[in-house]
Novice: 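Below: one structure in structure tokens.
Side-chain atoms are counted along with the backbone in the values below, which use heavy atoms only and exclude waters and symmetry mates. Quick caveat: nothing in here was measured; it's all calculated off a predicted structure.
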Amino acid sequence: MAAYWLFKSEPQVFSIHDLHKAPGKKTSWEGIRNYQARNYLRDTVRKGDGVLFYHSNADPMGIVGTAQVVKEAYPDHFAWDPSHRYHDPDSSPDKPTWFMVDIRLQTTFPRIITRDMLAADPVCSGMLVLKRGSRLSIQPVTEAEWLAVQRLAES
DNA sequence: GCCAACGTTGGC
DNA sequence: GCCAACGTTGGC
């Protein structure tokens, strides 16, 4: 059975509009440099899982659409490129430290589901992303939360 | 711009 | 292995 996730992105770095413009509306999700998020990506995120696309550090902040995992974890080769901002000298092709997945855009919501809207919803108010100091950029989402977000997007 | 939260680093 | 210093994230 498919699982659900929330992926954070700063829109000035990569927005849902960038994903919309990408070839096949697909992108690799590289640059995850946190072990807990890495473990989710590598061990738990599976092809077909649903992704809530979240804009952080933005105005307004919130969930802007959904995507689907189309390729499961493979080594984040950006870590091996010394000139890249995601370079990590401790990672190597032999023993990769970091992983990434590919996602494809599913839906761009007609309006952003803001943090206020999430907080006001009895189900979504429990979401990890609302927790103070929740810095995790790959977060698990329950099916109830996933469905509640869809409902908010349609209302 | 501020700062709380929290992960990482490095000296011991 | 402890912990202080430091860096980053990200909401406000």
Novice: Does the plane of the ring in A:F14 sit parallel, tilted or perpendicular to the ring in A:W29? Use 30° and 60° as the thresholds.
Specialist: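 Answer is perpendicular, since the angle exceeds 60°.
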Novice: Please give, in whole Å, the distance from C:dG10 P to A:L130 CG?
Specialist: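 Taking CG of A:L130 and P of C:dG10, I get 14 Å after rounding.
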Novice: In whole angstrom, give the distance that lies between atom NE2 of A:H55 and atom P of C:dT9.
Specialist: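 Computing the A:H55:NE2 to C:dT9:P distance gives 17 Å.
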Novice: If every non-hydrogen atom of A:S137 is compared with every non-hydrogen atom of A:I32, which pair is closest and at what distance?
Specialist: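 Heavy-atom minimum between the residues: OG-CD1, 3.6 Å.
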Novice: Output the rounded distance in Å from CG (A:N57) to C1' (C:dT8).
Specialist: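 In whole Å, C:dT8 C1' and A:N57 CG are 11 Å from each other.
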Novice: Starting from P on C:dT8, measure out to CZ on A:R85 and report it in whole angstrom.
Specialist: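 The answer, rounded to whole Å, is 11 Å.
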Novice: For the atom pair CD1 (A:I103) and CZ (A:F53), what is the distance rounded to the nearest 0.5 Å?
Specialist: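 If we round to the nearest 0.5 Å, A:I103:CD1 and A:F53:CZ are 5.5 Å apart.
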Novice: By nearest atom, which of the nucleotides B:dT8, C:dG10, B:dA5 is closest to the A:S56 side chain?
Specialist: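 The closest nucleotide is C:dG10.
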Novice: Whole angstroms only, please: what is the CD1-P distance between A:I32 and C:dT9?
Specialist: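 Result: 11 Å.
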Novice: With a 3.5 Å cut-off and heavy atoms only, can you find an N or O donor on one side and an acceptor on the other between the side chain of A:R135 and the base of B:dA5?
Specialist: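 Indeed, a donor on one side and an acceptor on the other fall under 3.5 Å apart.
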Novice: Any carboxylate oxygen within less than 4.0 angstrom of a Lys/Arg side-chain nitrogen, looking at A:D90 and A:K95?
Specialist: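 No, A:D90 and A:K95 are not salt-bridged.
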Novice: Quick one: which of C:dC12, B:dT8, C:dG10 gets closest to the side chain of A:Y35?
Specialist: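 Nucleotide nearest to A:Y35's side chain: B:dT8.
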Novice: Can you tell me how far C1' of B:dG7 sits from CZ of A:R33, to the nearest Å?
Specialist: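 Computing the A:R33:CZ to B:dG7:C1' distance gives 15 Å.
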Novice: Are any of A:K8's side-chain N or O atoms less than 4.0 Å away from OP1 or OP2 of C:dT9?
Specialist: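 So the side chain of A:K8 is outside the cut-off, no N or O lying under 4.0 Å from OP1 or OP2 of C:dT9.
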Novice: Rounded off to whole Å, could you give me the CG-to-P distance for the A:N34 and C:dG10 pair?
Specialist: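 From A:N34 CG to C:dG10 P: 9 Å.
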Novice: In whole angstrom, give the distance that lies between atom CD of A:Q36 and atom P of B:dA5.
Specialist: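 Spelled out: CD on A:Q36 to P on B:dA5 is 17 Å.
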Novice: Select one nucleotide: of C:dG11, C:dG10, B:dA4, the one nearest the side-chain heavy atoms of A:R132.
Specialist: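 The nucleotide sitting nearest to the side chain is B:dA4.
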